[in-house]
Amino acid sequence: MRTLPKVELHIHLEGTLEPELIFELAARNGIQLPYDLDELRRRYEFTDLQSFLDLYYANLSVVLTEQDFADLTRAYLRRAREAGVRHVELFLDPQAHTSRGVPLATCINGVSEVLKNSESEFGISSSLIATFLRDRPAAEALAVLTELIAMDAPLVGVGLDSAEVGHPPADFVEVFDVARANGLQCVAHAGEEGPPEYVWQALELLRVARVDHGIRSLEDSTLVDYLVANRIPLTVCPLSNVRLRVVDTIADHPLPEMLDRGLCVTINSDDPAYFGGYVDDNFAAVRDAFDLSADQLATLARNAVSASFLPADRRAPLLAEIEEWRASR
Ligand code: ADE
Ligand code: ZN
C-alpha cells in the first residue's frame, strides 16, 4: 500500500529525540545518566504540558555538539521518509540550548547542514522555524532573534511555544514585529492548554499565518467563524493531545467537529518520541478512530500543502502526488 504523501508543519526537532539516541549521545559525550533505558521509558507518562516539558528539557542535556544536532536531524528525516513526509517545516527551540551554554551557532549549523541536503538525501524538502520559549523573558527571545538575524540563520519563520498558561502572546509583540520586518513568517502555539483569548492574541497581535494546536478555539464560535472565514490553518496534533491530557482518548478528539465546521486542519506529530507516534501514526490514529475515508485523508494532506510556506511551484507537484494517492485508493 502506498503511503499518503505528507507535509508536516508542527514538529519540534527536540521532540524527536528518542530514548536510544539519548543514551548514544550521552556515551559519546562522556555523560553518565542517573538511570537506565527502562527507567527513562517509565518517565514518559504525562499529566499535562508542564510535566512533559520538564522531561523534554531535561533530556536535552546530552545534545551538545554540531554533530549531535546533525545526528538528531538526520534521525528524524530518516523516520519521516518512512512516514511519507515530503516537506517539513521544522521547529527548533534555540533557547533550550543557549540557556544551558550551547552556542547558538552550534545548534543552527548542526541542524542546517543536514536540512540543506534533505531533499537529495531523503526526498524531503525542509525549512526551519525558530520557536521562542514563552515562559522565558521576551527580552531574551528578542536577543536570540537579533543574533539569528545577524548570523543570517536559514529560517523561514519564527514561532512561540513552551508552557502556555500565564504566558500570553501579547508579551511577544515586539519579537514578532522584528521577525516580520526581517521577512520571517509568523506562527504560534495557542489554544493548546490556553484559552481562546490567546488564539485571538496570536492572530491580532502577533499576526500569525497559522495557529499551532488551536484546539480550544472551538470554545469560541466567533473565533471559529473568523478562522474559517480567513482560512487560518490549525496544526493539530492528535496523539499529543491525548498524551498531554488535552482530551481523554483519541475517540474524544474534536477533529471531526473541526472538519465539520470548515476549519483548515492539518495533522502533525508535535513531539513524536514522547507521544507514541510520528505523523503517519497520527494519521492512522484519526483514520481508525473516526473511520476517515481516503478523500478525507487527502483533504487533510492538501490542507497542509496550502498551510505551508512553500512557493506555488512546489505546491502543485505535491498536490498532484496527493491526488494520485487518492485516485489509487
Ligand atoms: N514544546 C514542545 N512541544 C510543545 C507543545 N506541545 N506545546 C508547547 N510547547 C512545546
Ligand atoms: Zn508543539
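Whatever order the structure lists them in is the order used to number ligands and atoms, beginning at 1. Sequence positions, counted from 1, serve as the residue numbers for this chain. Since the model is a prediction, treat every value here as computed from it, not as a measurement. Excluded from the calculations below are hydrogen atoms, water molecules and symmetry mates; all remaining heavy atoms, backbone and side chain alike, are included.
Proximity of a side-chain donor or acceptor of Ser217 to a complementary backbone N or O of Leu223 within less than 3.5 Å is not detected.
Protein residues are said to neighbour a ligand when one of their heavy atoms lies under 4.0 Å from it; for ligand 1 these are His12, Leu49, Phe52, Leu53, Tyr56, Asp161, Ser162, His189, Glu192, His213, Asp270, Asp271.
In this structure, Phe52 has its ring center under 6.0 Å from that of Tyr274.
Note on Asp93 versus Arg136: no salt bridge recorded, every NZ/NE/NH1/NH2 to OD/OE distance being 4.0 Å or above. With respect to the salt-bridge test (charged N to carboxylate O, under 4.0 angstrom), the residues Asp281 and Arg79 qualify.
Scored by the salt bridge (Lys or Arg N to Asp or Glu O under 4.0 Å) test, Glu174 finds no partners at all (sequence neighbours excluded).
No path of Ile, Leu, Val, Met, Phe, Trp and Tyr side chains, each step under 4.5 Å between heavy atoms, connects Val246 with Val165, placing them in separate hydrophobic clusters.
Using a 3.5 Å distance cut-off with no hydrogens or angles, the side chains of Thr249 and Asp252 do pair a donor with an acceptor.
Taking every heavy atom of both residues into account, Leu49 and Glu192 meet most closely at CD2-OE1, 3.6 Å.
The hydrophobic cluster containing Ile129, built from Ile/Leu/Val/Met/Phe/Trp/Tyr side-chain heavy atoms closer than 4.5 Å, also comprises Phe91, Val156, Val187, Phe309.
Excluding waters, the set of protein N, O or S atoms lying under 2.8 Å from the Zn ion (ligand 2) comprises His10 NE2, His12 NE2, His189 NE2, Asp270 OD1.
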